[in-house]
Asker: 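This structure is in structure tokens; I'll ask about it shortly.
In what follows, every chain begins at residue 1, and chains take the letters A, B, ... in the order their sequences are listed.
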Amino acid sequence: MIDLKYFQNNFEEASNKLAKKAVATQTLEELKSLFASLKDDNAKYEATKAEQNKLSKLFGEYKQKGLDTYELKAQLDSFKTTLATLQENARRSEEALEALSQMIPNFPDDSVPEGVDENYNIELRKVLEPRKFDFTPKEHWELASSCGWIDFERGVKLAKSRFSVLRGDGARVERALINFFLNFNRKNGFEEFNLPLMNNASMLRGTGQLPKFEDDLFRIEDEDLYLIPTAEVPLTNLYNDEIINDKELPILMTAYTPCFRKEAGSAGRDTRGMIRQHQFDKVEMVAISHPDKSDEIFEMMVQNASDLLTALELPHRLVMLCGGDLGFSAAKTVDIEVWLPGQNQYREISSISNTRDFQARRAKIRYKQDGKNSFVHTLNGSALAVGRTLIAIMENYQQEDGTIKIPEVLKSYL
RNA sequence: GGACAGUUGGGUGAGUUGGCUGAAACCACAUCCCUGCUAAGGAUGCGUACGGGAAACUGUACCGAGGGUUCGAAUCCCUCACUGUCCGCCA
């Protein structure tokens with residue numbers, strides 16, 4: 001949720017920021033007018049209600065003193081319908097404003113480059129040189145059967161398309177990666193969590209998945225529950241509706257969870273292989289930070305994710321997302337893309353975002369400093385997407401005979 | 001799944017014969033005083049959100065959520081959610 005007061009008082013500036021995320025001017029005008037009418041309706045209701053409260057109090061005093069209340073009663077009765085109408089107006093205005101403001105994405109930072117799609121993203125740096133192959137490297141799905149790590153067909157049989165089965169060393173490496181990531185994150189100050197994989201609608205609203213992206217979520221029938229699309233949801237919402245003592249900040253958290261996504265808008269994309277699945281494993285980092293410290297923590301999280309890939313000796317690059325490619329809640333995002341020699345391209349394996357106070361506003365996560373409450377900043381990032389790391393290992397560590405070497409750092413985990 | 005009990009501010013917890021309670025007391029926290037040492041004592045302040053005001057201050061809403069009764073509800077009624085205890089079931 002954006003700061004509506006700031007939006008209203010700095011309409012020009014705020015609109016320009018949101019233009020980077022391609023929000024329609026008409027929508028912004030509507031938001032502005034809804035805000036104004038809510039204020040208006042509230043003022044009317046509150047003034048009348050104040051009057052009624054005063055007379056009601058007087059009524060009580062009259063009764064106590066045994067005075068005649070006939071006239072006062074008649075007067076008070078007349079408030080009933082007036083107040084009901086005014087209240088209804090205010091309620092409608094509030095609902096309309098709430099509905100629209102929930103759909104407005106976060107302001108991008110000034111440092112975020114302009115651009116409509118990923119072609120305008122800016123490469124920050126490359127880490128590690130891709131390995132030179134003396135044979136033609138295969139894509140991971142070609143390697144899947146030769147090394148026996150992934151069984152796509154049986155995954156589909158058990159569930160449906162975009163599900164797969166890991167077996168043997170594939171399953172073991174997946175598990176090793178999870179342990180390696182969690183330990184690495186923990187050594188860097190992140191506390192480990194194990195979380196509910198279903199969260200209720202209110203939590204999903206807190207982090208911004210609802211109401212706008214319901215189509216991408218798996219919902220549990222007859223329950224107010226959704227399968228989480230990322231551990232960002234439960235981790236961030238651990239502090240939903242809480243006021244944190246500023247001495248506890250920053251709070252650094254990490255968790256491994258499976259993630260569930262319908263991939264509604266991705267029909268036909270990455271249908272082959274394990275890049276885009278309905279269920280995938282991910283180790284996530286979340287930070288709850290003092291506003292002054294979130295940039296610093298952001299850099300630390302980016303570095304942490306990059307270091308994981310470096311430790312696995314996987315070549316990768318860091319990319320600053322442009323406004324058009326930025327997610328709904330993010331003010332700033334750096335993607336980390338790992339080199340896939342079989343595909344001969346870099347593919348996203350981590351995405352680290354600073355949402356500033358956007359999620360904190362929605363989820364009511366505040367900190368108290370010198371008796372005053374303010375919204376915290378929340379950050380999240382993958383460290384890392386486990387399935388995609390497995391793929392990256394397969395493609396980067398493949399041998400000519402179709403077998404896969406095990407990265408040095410993982411050996412102690414197997 | 002069945003029965004009973006409960007859900008109040010950062011925490012514990014009063015208040016449920018409707019108005020003087022946005023809410024006692026205690027703890028925690030903040031500032032100050034005293035003292036001087038791995039402590040204690042004293043003073044003051046201290047819920048959240050939105051609106052008005054330069055400010056002092058002030059209006060409205062909120063005592064799990066939603067609805068109802070009433071001039072007026074934390075207090076009465078209804079529905080739902082959650083928590084606790086006992087029973088049943090179960091990894």
Asker: Taking pairing as Watson-Crick or G-U wobble with both contacts under 3.5 Å, can you name the mate of B/rA73, or confirm there isn't one?
Answerer: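 By the stated definition (distances under 3.5 Å), nothing pairs with B/rA73.
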Asker: Tell me the interatomic distance from A/Asn199, atom CG, to B/rA81, atom P, rounded to whole angstroms.
Answerer: 19 Å
Asker: Tell me: NZ of A/Lys44 to P of B/rA61, nearest whole Å?
Answerer: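 Taking NZ of A/Lys44 and P of B/rA61, I get 18 Å after rounding.
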Asker: Within the distance-only criterion (no hydrogens, no angle test), does the side chain of A/Thr403 pair as donor or acceptor with the backbone N or O of A/Gln399 below 3.5 angstrom?
Answerer: no
Asker: In whole angstrom, give me the gap between the P atoms of B/rC33 and B/rC50.
Answerer: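 My reading of the P atoms in B/rC33 and B/rC50 gives 34 Å.
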Asker: Tell me yes or no: between the side chains of A/Gln52 and A/Lys49, is some donor less than 3.5 Å from an acceptor?
Answerer: yes
Asker: RNA chain B: A/Ile243 or A/Leu76, which has the more 5' nearest nucleotide?
Answerer: A/Ile243
Asker: If we take the P atom in both B/rG64 and B/rA73, what is their distance in whole Å?
Answerer: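 B/rG64 and B/rA73 have their P atoms separated by 15 Å.
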Asker: Using atom C1' of each nucleotide, how far apart are B/rG84 and B/rU17 to the nearest Å?
Answerer: 28 Å
Asker: Indicate whether any N or O donor in one side chain lies under 3.5 Å from an N or O acceptor in the other, for A/Glu284 and A/Thr257.
Answerer: no
Asker: Partner lookup for B/rG1, please. Criteria are Watson-Crick or G-U wobble with both distances under 3.5 angstrom; report none if nothing qualifies.
Answerer: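 Across all strands, the one nucleotide that pairs with B/rG1 is B/rC87.
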Asker: Check whether any side-chain nitrogen or oxygen of A/Lys368 sits under 4.0 Å from OP1 or OP2 of B/rU48, and answer yes or no.
Answerer: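 Checking A/Lys368 against B/rU48: at least one side-chain N or O falls below 4.0 Å of OP1 or OP2.
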Asker: Can you tell me the base-pairing partner of B/rU35? Count Watson-Crick or G-U wobble geometry only, both distances below 3.5 Å, and say none if there is no partner.
Answerer: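 B/rU35 is unpaired by these criteria.
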Asker: Quick check on B/rA30: is either OP1 or OP2 less than 4.0 Å from any side-chain nitrogen or oxygen of A/Lys247?
Answerer: yes
Asker: For B/rU44 versus B/rU7, give the span between their C1' atoms, rounded off to a whole number of Å.
Answerer: 33 Å
Asker: Can a donor-acceptor pair be found between the side chains of A/Gln303 and A/Glu299 at a distance below 3.5 Å?
Answerer: no
Asker: Base, sugar-phosphate alone, or nothing: which one does A/Asn42 contact when heavy atoms must sit under 4.0 Å apart?
Answerer: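 A/Asn42: no heavy atom of the nucleic acid under 4.0 Å.
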Asker: CD of A/Glu242 versus P of B/rA49: gap in Å, rounded?
Answerer: 15 Å
Asker: Should B/rA24 form a Watson-Crick or G-U wobble pair with both distances under 3.5 Å, which nucleotide is its partner?
Answerer: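 Partner of B/rA24: none.
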Asker: Closer than 3.5 angstrom, by distance alone: can the side chain of A/Asn245 be matched with the main-chain N or O of A/Lys247 as a donor-acceptor pair?
Answerer: yes
Asker: Hey, which of A/Ile275, A/Ile391, A/Asp335 is the one that makes side-chain contact (heavy atoms from CB on, under 4.5 Å) with A/Arg347?
Answerer: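 Running side-chain contact (heavy atoms from CB on, under 4.5 Å) over A/Ile275, A/Ile391, A/Asp335 with A/Arg347 returns exactly one hit, A/Ile275.
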Asker: Now, which nucleotide makes the Watson-Crick or G-U wobble pair with B/rA56, with each of the two distances under 3.5 Å?
Answerer: none
Asker: Could you tell me the separation between the CD1 atom of A/Ile244 and the P atom of B/rG11, rounded to a whole number of Å?
Answerer: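 That distance rounds to 13 Å.
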Asker: Could you measure between the two C1' atoms, the one in B/rC32 and the one in B/rC46, and give it in whole Å?
Answerer: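 Pairwise C1' distance, B/rC32 against B/rC46, rounds to 15 Å.
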Asker: In whole angstrom, give the distance that lies between atom CD of A/Glu94 and atom P of B/rG51.
Answerer: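 Value for this atom pair: 11 Å.
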Asker: Centre of A/Phe11's six-membered ring, under 6.0 Å away, within 45 degrees of the axis: is that where NZ or CZ of A/Lys32 sits?
Answerer: yes
Asker: Can you tell me if A/Asn183 and A/Arg186 form a side-chain donor-acceptor pair at under 3.5 Å?
Answerer: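 Checked: A/Asn183/A/Arg186 side chains pair up, N/O donor to acceptor below 3.5 Å.
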Asker: Reading nucleotides 62-70 of chain B from the 5' end, what letters show protein touch, with B for base, S for backbone sugar-phosphate only, - for no heavy atom under 4.0 Å?
Answerer: --------S
Asker: Could you tell me whether a side-chain N or O of A/Arg362 sits under 3.5 Å from a main-chain N or O of A/Gln102, the two making a donor and an acceptor?
Answerer: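 The answer is yes, because a donor-acceptor pair under 3.5 Å joins these two groups.
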Asker: Between B/rU8 and B/rA65, how many Å separate the two C1' atoms, rounded to a whole number?
Answerer: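 Going atom to atom, C1' in each nucleotide, I get 15 Å.
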Asker: Roughly how far apart, to the nearest Å, are B/rG72 and B/rG19 at atom P?
Answerer: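 Per the computed distance, 14 Å lies between those P atoms.
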Asker: Using purine N1 to pyrimidine N3 plus N6-O4 or O6-N4 for Watson-Crick, or N1-O2 and O6-N3 for G-U wobble, each under 3.5 Å, what pairs with B/rA61?
Answerer: B/rU48
Asker: State the pairing partner of B/rG9; accept Watson-Crick or G-U wobble contacts with both distances under 3.5 Å, and report none otherwise.
Answerer: none
Asker: Rounded off to whole Å, could you give me the NZ-to-P distance for the A/Lys364 and B/rG10 pair?
Answerer: 13 Å
Asker: Just call it for A/Asn373: base, sugar-phosphate, or nothing, with non-hydrogen atoms closer than 4.0 Å on any strand.
Answerer: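 Counting heavy atoms under 4.0 Å across all strands, the contact made by A/Asn373 is with sugar-phosphate only.
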Asker: Can you tell me how far P in B/rC76 sits from the matching atom in B/rC63, rounded to whole Å?
Answerer: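 These two P atoms come out 14 Å apart once rounded.
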Asker: Would you mind reading off the distance between A/Lys39 atom NZ and B/rG59 atom P, rounded to a whole angstrom?
Answerer: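 The distance from NZ of A/Lys39 to P of B/rG59 comes to 19 Å, rounded to the nearest Å.
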Asker: Just by distance, do the side chain of A/Glu142 and the backbone of A/Glu139 share a donor-acceptor pair under 3.5 Å?
Answerer: yes
Asker: For A/Glu223 and B/rA81, give me the distance from atom CD to atom P, rounded to whole Å.
Answerer: 10 Å
Asker: Considering heavy-atom distances to RNA chain B, does A/Arg366 or A/Lys63 have its closest nucleotide positioned more toward the 5' end?
Answerer: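 Closest to the 5' end, via its nearest nucleotide, is A/Lys63.
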Asker: Of all residues at least two apart in sequence or in a different chain, which pass the salt bridge (charged side-chain N to carboxylate O under 4.0 Å, His left out) check with A/Asp3?
Answerer: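 With neighbours one apart ignored, the set is A/Arg361.
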Asker: Which residues within residues 45-58 of chain A lie with some heavy atom under 4.0 Å of an atom in RNA chain B?
Answerer: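 A/Glu46, A/Lys49, A/Ala50, A/Gln52, A/Asn53, A/Ser56 - these, ordered by number, are the residues of the stretch whose heavy atoms sit under 4.0 Å from the strand.
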Asker: For A/Ser329 and A/Asn106, test the side chains for any donor-to-acceptor distance below 3.5 angstrom and give the result as yes or no.
Answerer: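 On atom types as modelled, these side chains do not qualify, holding no pair under 3.5 Å.
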